[in-house]
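By convention here, the first residue in the shown sequence is residue 1. Read the numbers this way: they start at 1 and go in the same order the structure lists the ligands and their atoms.
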Amino acid sequence: MNYKTAIEIRDAIKSGETTATAVVKYYLDKIKAEDGKVGAFLETFDEEALARAEEIDALVKAGAELGRLAGVPIAVKDNILIKGHTASAGSKILADYTAVYDATVITRLREAGAIFIGRTNMDEFGMGSSTETSAYQKTHNPWNLDKIPGGSSGGSVAAVAAGFVPVALGSDTGGSIRQPASLCGVVGMKPTYGRVSRYGLIALASSLDQIGPLCHTAEDAALVLEIMAGKDANDMTTLENSEVAISELLKKDVKGLKIGVPKEFFETGIDPEIEKVVRKAIDVLVEGGAEVIDISLPLTEYALPAYYIIQPGEAASNLARFDGMRYGTRAEGGLQESYKTARGEGFGMEVKRRIMIGNYILSAGYADAYYKKALAVRTAIHTDLAEALKSVDVIIGPTSPSVAWNINEKFNDPVAMYLSDIYTTSANIAGIPSISVPCGFVNDLPVGLQIMAGIGEDYKVIDVASAYQDATDWNTFADNKNEAK
Ligand code: GLN
């Protein structure tokens, strides 16, 4: 098939050059043939996707008005609810849970004509950076099957990188869209907190979580984001006036753009080869007329520790409902016994670790020393970034300090795993939009460029990513990787 992006697919279906049925069949066949090696999907929705494709084709034939994603297949992370389908968040405790309603993003994308093709593997409840904490399977990086794809949205990202689907949905609490996007060479965007409704997203840390798109181009990200975005009565944290037509705002011109490059993003444990690739990418923008301003974000080193207090605190509270009574597989025995068995057997190691940390730091006597302190750090980081963004338009740096590592390499070393989120957590803590765009290779593995801007300036990060993609030629498809370098 010659169409790789959502926009190309939609236009080809609209013009009658191809049909939605042919597109869905192509992707389902490719998944059947190749996903055995990658492990991106937990399940595909073959019948339902083909039936929906036929409906779209009938609309095309009838000359009806089509949605802006008519016939575009989308893969969905296993923590986003699709009515009638399992949503297990990669956890054994939700193995038998069937969603009873659609997440708002699902409703909106479906109205735009999208076709949901399957659900993808993830770290359990989103806790992890390698997709290895899933209770179901390991996902492999399509660029090198011995490597992890990053996480926690590793299944969604691997599906896009392998060419199994043009678009997938992920969620990002501390980097779970951007870090795997960087490690698998795709575009991944975390919107401003509150731009996209969290209704129907299985909560990890509610003050940090955002759903966002994974795809190959900034234009696709703009389209998918603007369809999902906007005020939702079911999520009181959604922002007013967030229905911005981002794709109409793209100027693709960086002349006069002020890029802040924080020195702290190149200090802490970054692979020097990654630094080279990222600096080269910034040079491309400078050639396009942008101006680099060296800045300092002195609180950067505190973002990760603050995140790993706030996140487990909120996660421990959110996960209290999975007790086998209200949610989760019910266990035998009296009340206490039943809770213990359901949670003891239903949760994996990393989830238990976070619940223990979370309950500890929230307990009387420790909350002031840890949780409240972390909240104070959060405010300070927010102020630091807001201050920096007064003198620059965007902040640019690496998405991840390393390229993809070997499967199992960091699995038993939680601190090493947490450190891979060092550059991504700031954006969640401050609620600002951030995108990762492929910018080259180190050791034949993809590297991502991270672009951040102020609250509500989602169009800006997409615009810069789009200008960068126009000026470069990083082929972002692992299935024809030989052409990529
Ligand atoms: N890797 C981070 C964590 O384990 C981020 C997870 C996420 O964004 N869902 O918490």
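Checked by atom type, the side-chain pair Asp123/Ser152 shows no donor-acceptor distance below 3.5 Å.
Looking at residues two or more places apart in sequence or on another chain, you find a salt bridge (Lys or Arg N to Asp or Glu O under 4.0 Å) between Glu350 and Arg353, Arg354. Take Tyr193 and apply the ring pair (Phe, Tyr, Trp, His ring centres under 6.0 Å) test, not counting sequence neighbours, and it matches no residue.
Residue pairs that meet the salt bridge (Lys or Arg N to Asp or Glu O under 4.0 Å) test with at least one member in residues 186-203, sequence neighbours left out, are Arg195-Asp458, Arg198-Asp235.
Taking the six-membered ring wherever Trp is involved, the centroid distance between the rings of Phe322 and Phe125 falls below 6.0 Å.
Around ligand 1, the residues contributing at least one heavy atom under 4.0 Å from the ligand are Gly126, Met127, Gly128, Ser129, Ser152, Asp172, Thr173, Gly174, Gly175, Ser176, Leu204, Tyr307, Tyr308, Gln311, Arg354, Asp421.
Using a 4.0 Å cut-off between charged nitrogen and carboxylate oxygen, Arg119 and Asp78 count as a salt-bridge pair.
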